[in-house]
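Structure first, then comments.
We count residues from 1, following the sequence as given. Both counts, for ligands and for their atoms, begin at 1 and track the order of listing.
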Amino acid sequence: MKNVRILFVDDETAFLDTIIKRMKKRGFNPERASSGNDALALLRENPIDIIVSDIRMPGMDGIELLGEVKKRYPKTEIILLTGHATSQDGVVGIKEGAFDYLSKPIEIDHLVSKIGQAFDKILRDEEKKKETEFRVKMEQQMVATKRLASLGTLAAGVAHEVNNPLAIINESAGWMGQILEKEELAEMPRKTDFKMALGKINNAVERARVITHQLLGIVKKDNAVLSEVNVGEFIDEIIQMAGVEIKSKDIKIIKHIDDTLTSVWIDPHQVRQILINLLTNAVHATPDGGKLFLALEDSDKDILFFIKDTGEGIPKENLEKIFEPFFTTKSPGNGTGLGLFIIKGIIEKLGGGIDVKSKLGVGTTFCITFPK
Ligand SMILES: Nc1ncnc2c1ncn2[C@@H]1O[C@H](COP(=O)(O)OP(=O)(O)OP(=O)(O)O)[C@@H](O)[C@H]1O
Ligand SMILES: [Mg+2]
């Protein structure tokens with residue numbers, strides 16, 4: 001309360017002298033101005049919480065000053081001072097937005113307690129503003145979450161529908177492939193061109209299938225099926241599954257597994273999906289001959305899994321987006337932007353969490369926690 005910034009405005013110098021002296025005795029350190037214009041000039045340089053202003057002043061009077069202050073500094077509260085015969089002015093002031101008015105001669109205790117009330121109001125208003133901001137933010141987040149949920153449902157619906165024609169294309173391409181091998185077509189002109197085109201169809205179908213499976217995975221509410229898994233073997237199996245690219249880029253993988261973690265109870269299917277996605281991302285980001293670190297740590301309640309790469313890193317402005325569906329920096333055909341979105345959903349369903357730290361040009365670390 002002693003830090004509250006107060007400004008006294010009055011054209012009577014003697015009154016200002018006395019009141020400021022008394023306020024100082026009580027530990028306040030108020031500013032002073034002898035006219036409305038002086039007060040506004042001072043406000044431009046110094047933030048003020050509470051103005052105590054006389055109403056009747058030559059030039060700009062207290063009510064005018066009140067109007068100007070409320071326009072420019074809406075957080076500042078104003079207490080008006082009236083002569084004892086003119087308290088009607090004070091009522092006008094309250095209508096115009098003053099906090100309250102006091103009649104002269106002023107009793108200092110009364111003034112100090114009024115200032116205290118005005119300061120309380122300022123603090124309450126600030127609190128309220130923060131609360132409103134927080135609520136608005138929460139509401140925005142909820143809207144975003146709902147949008148994501150319906151997007152997921154829509155995407156999965158589309159994926160389901162696309163799966164049928166996809167299967168037909170796949171079968172037909174297979175059938176055409178078989179026919180091409182038949183004796184009767186041994187001399188068929190441009191046979192290799194046909195075979196190449198069929199190869200392209202197969203690849204495209206395979207790609208589309210991966211996408212539809214991922215999309216369907218979003219809404220599947222499969223419950224975790226736990227089993228006891230040998231950690232060392234499990235990790236090796238995952239590295240092997242991501243193996244081709246690791247080998248072709250000559251990436252070195254450095255493993256660290258806490259001794260206490262020989263076996264764990266997890267859902268191997270889901271955890272595998274999570275780790276392969278992260279590992280694939282890390283491999284994509286890592287340059288030829290780079291290093292990757294995999295670590296499994298045992299904490300009290302959780303198992304921590306770290307995947308650290310020495311790749312390009314993720315720019316700050318992307319860090320929040322990477323978990324959004326369809327966010328990808330990869331060229332079309334190389335990434336759907338669904339990997340992180342889907343695994344985040346799985347991790348959360350399993351009661352765990354995922355966290356990312358990244359430094360441009362140095363690398364990225366994803367950390368996942370699973371409850372034991
Ligand atoms: N280890 C990493 N290093 C640098 N950037 C990464 C890393 N992991 C993810 N990212 C960034 O996050 C984006 C989204 O990743 P996500 O796995 O969701 O999709 P994707 O890898 O682009 O596509 P998909 O997983 O379907 O192949 C990537 O395009 C990339 O920009
Ligand atoms: Mg990915």
Side-chain angles (χ1 to χ4, degrees), residues 144-145 147-149 151-152 155-156 158-159 162-163 166 203-220 235 238-239 241-246 248-255 270-296 304-349 352-369:
T145 315
R147 199 184 299 143
L148 277 192
L151 181 67
V158 173
V162 168
N163 259 345
L166 217 50
N203 284 341
V205 165
E206 192 44 43
R207 177 94 205 131
R209 239 209 317 234
V210 170
I211 296 175
T212 54
H213 277 173
Q214 280 188 331
L215 284 171
L216 284 166
I218 299 176
V219 284
K220 248 192 222 149
I235 297 291
I238 284 163
I239 293 174
M241 288 173 92
V244 185
E245 231 169 325
I246 297 176
S248 72
K249 284 179 113 176
D250 192 23
I251 291 172
K252 195 163 172 223
I253 296 201
I254 298 156
K255 282 186 296 183
Q270 291 185 323
V271 176
R272 194 181 292 126
Q273 193 180 354
I274 295 165
L275 299 186
I276 286 178
N277 258 296
L278 290 175
L279 194 61
T280 313
N281 280 350
V283 170
H284 283 162
T286 304
D288 285 1
K291 281 187 195 139
L292 269 180
F293 303 85
L294 298 187
L296 220 69
L304 305 177
F305 193 95
F306 295 89
I307 291 194
K308 180 174 163 205
D309 66 55
T310 50
E312 67 220 19
I314 303 171
K316 239 200 187 120
E317 65 271 20
N318 287 353
L319 270 181
E320 285 175 13
K321 298 189 205 145
I322 56 172
F323 296 105
E324 287 174 10
F326 306 113
F327 176 82
T328 181
T329 52
K330 293 170 190 170
S331 54
N334 283 326
T336 61
L338 286 172
L340 288 176
F341 172 66
I342 289 166
I343 65 165
K344 187 165 190 241
I346 301 176
I347 292 168
E348 282 168 0
K349 261 190 245 163
I354 181 166
D355 194 31
V356 54
K357 288 199 176 60
S358 190
K359 214 168 176 187
L360 273 186
V362 180
T364 305
T365 307
F366 280 88
C367 171
I368 322 158
T369 44

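In this structure, R209 and L166 approach most closely via the heavy-atom pair N-CD2, 3.9 Å. The two atoms that bring K344 and I354 nearest to each other are CG-CG2, 3.9 Å, heavy atoms only. The minimum heavy-atom distance between I238 and R272, with the atom names listed, is CG1-CG, 3.9 Å. Closest of all the heavy-atom pairs between Q270 and I346 is CB-CG2, 3.9 Å. What you find for F323 and F366 is that their closest heavy atoms are CZ-CE2, 4.1 Å.
Neighbours of the Mg ion (ligand 2) restricted to protein N, O or S atoms under 2.8 Å: the count is 1.
Judged by distance alone, with hydrogens and angles left aside, the side-chain atoms of D309 form a donor-acceptor pair with the main-chain N or O of T364 at under 3.5 Å. The backbone N or O of G353 sits less than 3.5 Å from a side-chain atom of T369, completing a donor-acceptor pair.
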Assess the residue pair N163 and T212 against the criterion (side-chain hydrogen bond (donor to acceptor under 3.5 Å, both in side chains)); give the C-alpha distance rounded to whole Å, side-chain angles, the decisive distance to 0.1 Å, and a yes or no.
CA-CA 7 Å; N163 259 345; T212 54; 3.0 Å; yes
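Among the candidates N277, L278, I274, the single residue satisfying the side-chain contact (heavy atoms from CB on, under 4.5 Å) test with L340 is L278.
A heavy-atom cutoff of 4.0 Å around ligand 1 is satisfied by the protein residues N281, A282, A285, D309, G313, I314, I322, F327, T328, T329, K330, N334, G335, T336, G337, L338, G339, L340, T364, F366.
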